[in-house]
Undergrad: 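I'd like to ask you about the structure that follows.
Bear in mind that the values here come from a model prediction, so they are computed numbers and not experimental data. In what follows, every chain begins at residue 1, and chains take the letters A, B, ... in the order their sequences are listed.
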Protein chains: 2
Amino acid sequence: MTPTPARTPRSVWLRPERPARDRQLSRAAIVTAAVAILDAEGIQGLSMRRVAARLEVTAGSLYWYVGGKDELLELAADHVLGEIDLPEAGGGAGWREVLARAAASQRAMLLRHPWAASVLAAVPNMGPNALRAADRILAVLAAAGFSPGLADAALAAINSQVTGAVLAETAWRQATAGPAATLADWQREAAGYLAQITGRYPHVAARLTAPPPDIEASSQARFALALDCLLDGLQARLDS
Amino acid sequence: MTPTPARTPRSVWLRPERPARDRQLSRAAIVTAAVAILDAEGIQGLSMRRVAARLEVTAGSLYWYVGGKDELLELAADHVLGEIDLPEAGGGAGWREVLARAAASQRAMLLRHPWAASVLAAVPNMGPNALRAADRILAVLAAAGFSPGLADAALAAINSQVTGAVLAETAWRQATAGPAATLADWQREAAGYLAQITGRYPHVAARLTAPPPDIEASSQARFALALDCLLDGLQARLDS
DNA sequence: ACCTGAACACCGTTCAAGT
DNA sequence: ACCTGAACACCGTTCAAGT
């Protein structure tokens, strides 16, 4: 019934920042405040009013520096992207090691900021930190003999793997960290449902009732396995 | 300052549905309405009030059947998960083909419902359709000789790849489908920013200014490549 | 140029009260 | 048992008006 509102999803990065003067607010301050709230309370806890309150300012004033909440999220996401360790420009390490290191660093950062993966996944990343990271990786791949097409595919595949894996990991973490304090509590709470599915879905039930002892370690191991598979496959396609 | 609200992220699936009587509303009707809105207007367009309006009912009445908006999203996500083509129970196809088919079907479904990937990624999927899909795949892998651990890793890796790839694809699609109608328009709009990054990030700039002619086909090709790499790697680890 | 204050049009959720 | 109506406590965003 109601017509679709004419959203204008133009990215922040397509508009220049306003020139600097003597002012008590800034894009940087707003982004820092937003990241602090996101880290502490997640995406649900972020609102323009709360960011403004943290800066002791009115909500409306944020709109002088930032197009809106969506833009602020884009800025926050690029901000944490700056925490990723990137390969040196002229480093001597092989491309496999470079990609593995960068992917591990990216995963660690996304686990430190559990809100970031979903934000980065929802929007094309065109911020300076995103571009810098992509450019470094593509440079390494080009130097290693990757064609532009294969380098693109490699970057996209690894990025998808990291993002997807972290999203799944944090989803489970947040669910089991709910009202039930421990995993055992959660299982007791879910016992009824589990009993119901044991018969219908035996393979899944076996996993749910007997989860790995160390979730942290097994997530890490699964991530390493998937990454190795991708790197093996890329190497084979590079050699042929 | 404000204390974190005591959310109760217990999953829908942990609570039984209320017994059926003669009523003008139902979980199924609510979920159907929600999916229709999500398909038409995306996640931003979904509100409890709009779902209620579509069913010619008050917003409050939805809470008799559904715990809240988060639960409704879980239900909607599992609903579309039912559209995935799964392997027959006793099919004769090899495990590689089975996984490839299921992954392709999952990807197609996620592209049909661009809101679904982010919802599925945000929450552990414990609905009946999610469990059924996982169980079928795990059964095929077990029959092919996969250890439980390797089967888990395989399922997780492929799921992460599909989810991550679709999220990236839809993010770009929605960005370029914004106010600028065509990709050329979008590029003209972004020209200033592109010129600015051409010097700093040459490898990325080359990709942005000269995108592949057929985005659809190249996304599909990249997805097939990543999936092949994963399947190759799994096969090698299965044989060893 | 920058920020306030107030308003507008929405939200999710609760809950007495009706039937 | 099921649904309404009204309310509560929030939202994002806009914009005149101040300085």
Undergrad: Send over the distance from B:L62 CG to C:dC15 P, rounded to a whole Å.
TA: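 After rounding, the gap between these two atoms is 17 Å.
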Undergrad: Where each residue is assigned the nucleotide of DNA chain D containing its nearest heavy atom, which of A:S61 and A:G45 is assigned the position nearer the 5′ end?
TA: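 Its nearest nucleotide lies further toward 5', so the answer is A:G45.
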Undergrad: Provide, to the nearest angstrom, the distance between the CG atom belonging to B:L46 and the P atom belonging to D:dC11.
TA: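 B:L46 atom CG is separated from D:dC11 atom P by 20 Å.
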Undergrad: Scan side-chain atoms only and decide if B:H113 and B:D39 contain a donor-acceptor pair under the 3.5 Å cut-off.
TA: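 Indeed, the side chains of B:H113 and B:D39 share at least one donor-acceptor pair under 3.5 Å.
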Undergrad: Mind checking the C1' distance from C:dA7 to D:dC11? Whole angstroms is fine.
TA: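 These two C1' atoms come out 14 Å apart once rounded.
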Undergrad: Starting at CE of A:M48 and ending at P of C:dT4, how long is that distance when rounded to a whole Å?
TA: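 Roughly 14 Å, once rounded to whole Å.
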Undergrad: How many whole angstroms separate atom OH of A:Y63 from atom P of D:dA16?
TA: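 The answer, rounded to whole Å, is 17 Å.
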Undergrad: Heavy atoms from C-beta onward define the side chain here; which of D:dC11, C:dG12, D:dT14 lies closest to that of A:R50?
TA: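 It is D:dC11.
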Undergrad: Using purine N1 to pyrimidine N3 plus N6-O4 or O6-N4 for Watson-Crick, or N1-O2 and O6-N3 for G-U wobble, both under 3.5 Å, which nucleotide pairs with C:dG5?
TA: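 Paired with D:dC15.
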Undergrad: Any donor-acceptor pair under 3.5 Å linking the side chain of B:S160 with the backbone of B:A156?
TA: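 Looks like yes, one N/O pair under 3.5 Å.
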Undergrad: Quickly work out the B:L72 CG to C:dC11 P distance and round it to whole Å.
TA: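 Those two atoms, CG and P, are 14 Å apart.
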Undergrad: Taking the nucleotide of DNA chain D with the closest heavy atom to each, which residue, B:L25 or B:R49, is nearer the 5' end?
TA: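 With B:L25 and B:R49 compared, the 5'-side residue is B:L25.
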Undergrad: Please report the C-alpha distance between B:Y65 and B:L75 in whole Å, then the side-chain angles of each, then the deciding distance to 0.1 Å, and finally whether the side-chain contact (heavy atoms from CB on, under 4.5 Å) criterion is met.
TA: CA-CA 11 Å; B:Y65 298 91; B:L75 291 163; over 6 Å; no
Undergrad: Grab the NZ-P distance between A:K69 and D:dT14 for me, whole Å please.
TA: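 Rounded to whole Å, this separation is 15 Å.
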Undergrad: Using modelled atom types and a 3.5 Å cut-off, is there a donor and acceptor pairing between side-chain atoms of B:N125 and backbone atoms of B:D78?
TA: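 No: the side chain of B:N125 does not pair with the backbone of B:D78.
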Undergrad: From the list D:dC3, C:dC3, C:dG12, which nucleotide is the closest neighbour of the side chain of A:Q24?
TA: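 From the listed options, C:dC3 comes nearest.
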Undergrad: Respond yes when some side-chain nitrogen or oxygen of B:Y65 is under 4.0 Å from OP1 or OP2 of D:dC3, and no when none is.
TA: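 For D:dC3, OP1 or OP2 has a side-chain N or O of B:Y65 closer than 4.0 Å.
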Undergrad: What integer distance in Å separates A:Q44:CD from D:dA9:P?
TA: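 Going from CD in A:Q44 over to P in D:dA9 covers 20 Å.
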Undergrad: Can you tell which of C:dT13, D:dT13, C:dC3 lies closest to the side chain of A:V57?
TA: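 Taking heavy atoms from C-beta onward, the closest nucleotide is C:dC3.
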Undergrad: Across the strands shown, which category fits B:T58 at heavy-atom distances under 4.0 angstrom: base, sugar-phosphate, nothing?
TA: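 B:T58: base contact, heavy atoms under 4.0 Å.
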Undergrad: Below 4.0 angstrom from OP1 or OP2 of C:dC3, is there any side-chain N or O of A:W64?
TA: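 Answer no for this pair, as no side-chain N or O of A:W64 is under 4.0 Å from OP1 or OP2.
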Undergrad: Closer than 3.5 angstrom, by distance alone: can the side chain of A:R107 be matched with the main-chain N or O of A:V162 as a donor-acceptor pair?
TA: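 Such a contact is absent between A:R107 side chain and A:V162 backbone.
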Undergrad: I want to confirm an ordering. Mapping A:E56 and B:G60 to their closest nucleotides on DNA chain C, which one lands closer to the 5' end?
TA: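 The 5'-side residue here is A:E56.
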